[in-house]
2 protein chains.
Amino acid sequence: MKGYKMGNGQSRIQKKNKDFIMKAALDIFSKYGFRGSKLDQIAKQSGLSKPNLLYYFPSKEAIHRELLSGLLENWLDPLRSLNSEGDPFEEVMGYVRRKLYLSKTLPKESRLFANEILQGAPIIKDVLKGELKYLVDEKTKIIQKWSDEGLILPIHPYHLIFSIWSLTQHYADFDTQIRAVLTNEKPFENASVYLETLFSRLLKPS
Amino acid sequence: MKGYKMGNGQSRIQKKNKDFIMKAALDIFSKYGFRGSKLDQIAKQSGLSKPNLLYYFPSKEAIHRELLSGLLENWLDPLRSLNSEGDPFEEVMGYVRRKLYLSKTLPKESRLFANEILQGAPIIKDVLKGELKYLVDEKTKIIQKWSDEGLILPIHPYHLIFSIWSLTQHYADFDTQIRAVLTNEKPFENASVYLETLFSRLLKPS
DNA sequence: TTTTTATTTTACCAACTGGTCAAAGTAACG
DNA sequence: CGTTACTTTGACCAGTTGGTAAAATAAAAA
């Protein structure tokens, strides 16, 4: 007999409600940051009562932590798959595309991350100094090699990474500003074309 | 007799304390956003008592508003001085330099702005859709003309502006992340060189 | 010096906040 | 059906929050 629990030990209703909560929490936290977000608001938006929220999660902080840690895997992955064996420009451009895709499909997650960084990364500082730094150190070496071998134009590899982060995330994080200026256009469509051009001119040997 | 009032109708002590408050408020608001910032915290950091704060400003919101409106002039100015009569590349690059200089010298202001945008720009949305949009519309026309005439490489002028915003502000807004990765380097020094290269390759006809 | 004006503090509020608890309600199983 | 395990609610609480009022203090003017 399976009982009413699912494989991971959660009932159907538990999974559904936890999902509601996480979705509402993402909405709120990504806008107002941790301290600016109120449990009442998250409760209301998720359609549950506040004590009911706290039946599923032990605290406000726990919800926030779970959101952030769920994010981090998604966030590091696109860089991980930059492959030293592939075509240099295509590898970098692939990273750009994956990153832009994330900003397009998960803009709230991007803003949640931005909020965390703006506050000085109190929760994920370890990951930044550890996993992220390690990953960036590794991948910049590859880029440096490509650059040295003339497979791409000479470039500061760390700042290349930063510019990829900045250019892609900007479309999610500053969405409000972009839409205030661009009233007709679809930002992400043209961003895709624009970034293709930008990185092509920046990296492709002529 | 001058009396103890200064030219602008504020006493010396009033000016000094308002300055303390604004400085402390900038510290706090730029980190935690409006809702995440507490008056007690601002009071403590400025060395005044909370009721004393509210003697100088009518409310928390008033402090925040004054900070933001003080910012906006600074923020729009660098784009204003992009001159259609000058050398195209140098004009754009001048804008990049001024913007990067702002991020370097006023990183907290940059983060305050970022926080406001992340929250959907509740306070400055009008300015974004009005003054900013007007200014961008105007300047992109100039860039488009340069592009059409072959004075710079063909480019999407709006996204060029966005990329300038994103690349320069990133060094202020994501400072924490950058310093977690770059432990030895001075980010802004190299950013300056890097952006020179980037925009040179992006815009200069070969 | 006295009077007037400006500044600061103390004590206080009502509303809100994150969180608890026990009781009531609802599913699922035997 | 009854029993058991899970879920939801309402009442509540202690600490915090933005803000007020009046008294006390300090500075300037007369």
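On a predicted model such as this, the values are computed, not experimentally measured, just so you know. Chain A is the first sequence line, chain B the second, and so forth, proteins listed ahead of strands; every chain is numbered from 1.
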Notebook entry, point to check: Is it true that R97(B) and E90(B) make a salt bridge, defined as a side-chain N closer than 4.0 Å to a carboxylate O?
Noted result: yes
Note to self: Taking 4.0 Å as the cut-off, does a side-chain nitrogen or oxygen of N52(A) come that near to OP1 or OP2 on dT9(D)?
What the structure shows: yes
Next item on the list: Report yes if the side chains of S46(B) and K23(B) come closer than 4.5 Å at any heavy-atom pair, otherwise no.
Entry: no
Notebook entry, point to check: Between K141(B) and D137(B), is the closest basic N to carboxylate O distance under 4.0 Å?
Noted result: no
Check: Over how many whole Å does the gap from K18(A) atom NZ to dT7(D) atom C1' extend?
Finding: 14 Å
Checklist line | Residues K104(A) and E189(A) bridged, charged N to O under 4.0 Å | finding: yes
Margin query: Has S110(A) got a side-chain atom pairing as donor or acceptor with S103(A)'s backbone, closer than 3.5 angstrom?
Written below: no
Notebook entry, point to check: Would you call R80(B) and E131(B) a salt bridge, taking side-chain N to carboxylate O under 4.0 Å as the test?
Noted result: yes
Notebook entry, point to check: What is the distance, rounded to the nearest whole Å, between atom CG of L48(B) and atom P of dA26(D)?
Noted result: 16 Å
Note to self: From NZ of K16(A) over to P of dT7(D), roughly how many Å is that when rounded to an integer?
What the structure shows: 11 Å
Note to self: Side-chain N or O of Q14(B) versus OP1/OP2 of dA6(C): is the shortest distance under 4.0 Å?
What the structure shows: no
Note to self: Mind checking if Y56(B) touches a base, just sugar-phosphate, or nothing, with heavy atoms under 4.0 Å?
What the structure shows: sugar-phosphate
Checklist line | Phosphate-side-chain proximity, N17(A) and dT8(D), N/O vs OP1/OP2 below 4.0 Å | finding: yes
Next item on the list: Check the distance between dT17(C)'s P and K44(A)'s NZ and give it to me in whole angstrom.
Entry: 12 Å
Check: Do K18(A) and Y56(A) meet the cation-pi criteria used here (NZ or CZ under 6.0 Å from the six-membered ring centre, within 45° of the axis)?
Finding: no
Return the polar atom pairs (N/O with N/O) between nucleotides 22-24 of chain C and the protein under 3.5 Å, or none.
none

Check: Is the backbone of F188(A) close enough, under 3.5 Å, to the side chain of S192(A) for a donor and an acceptor to pair up by distance?
Finding: no
Check: Does Y55(B) make a side-chain N or O approach to OP1 or OP2 of dT7(C) shorter than 4.0 Å?
Finding: yes
Note to self: Just verifying a value: how many Å separate F34(A) CZ and Q119(A) CD, rounded to the nearest 0.5 Å?
What the structure shows: 9.0 Å
Do any N or O atoms of the protein come closer than 3.5 Å to N or O atoms of nucleotides 12-19 of chain D, and which pairs are they?
residue : atom : partner : partner atom : Å
dG18(D) : OP1  : S37(B)  : O            : 3.3
dG18(D) : OP1  : L39(B)  : N            : 3.4
dG18(D) : OP1  : K60(B)  : NZ           : 3.1
dG18(D) : OP2  : L39(B)  : N            : 2.8
dG18(D) : N7   : K50(B)  : NZ           : 2.7
dG19(D) : OP2  : K60(B)  : N            : 2.8

Note to self: Strictly below 4.0 Å: does S49(A) bring a side-chain N or O up to OP1 or OP2 of dT8(D)?
What the structure shows: no
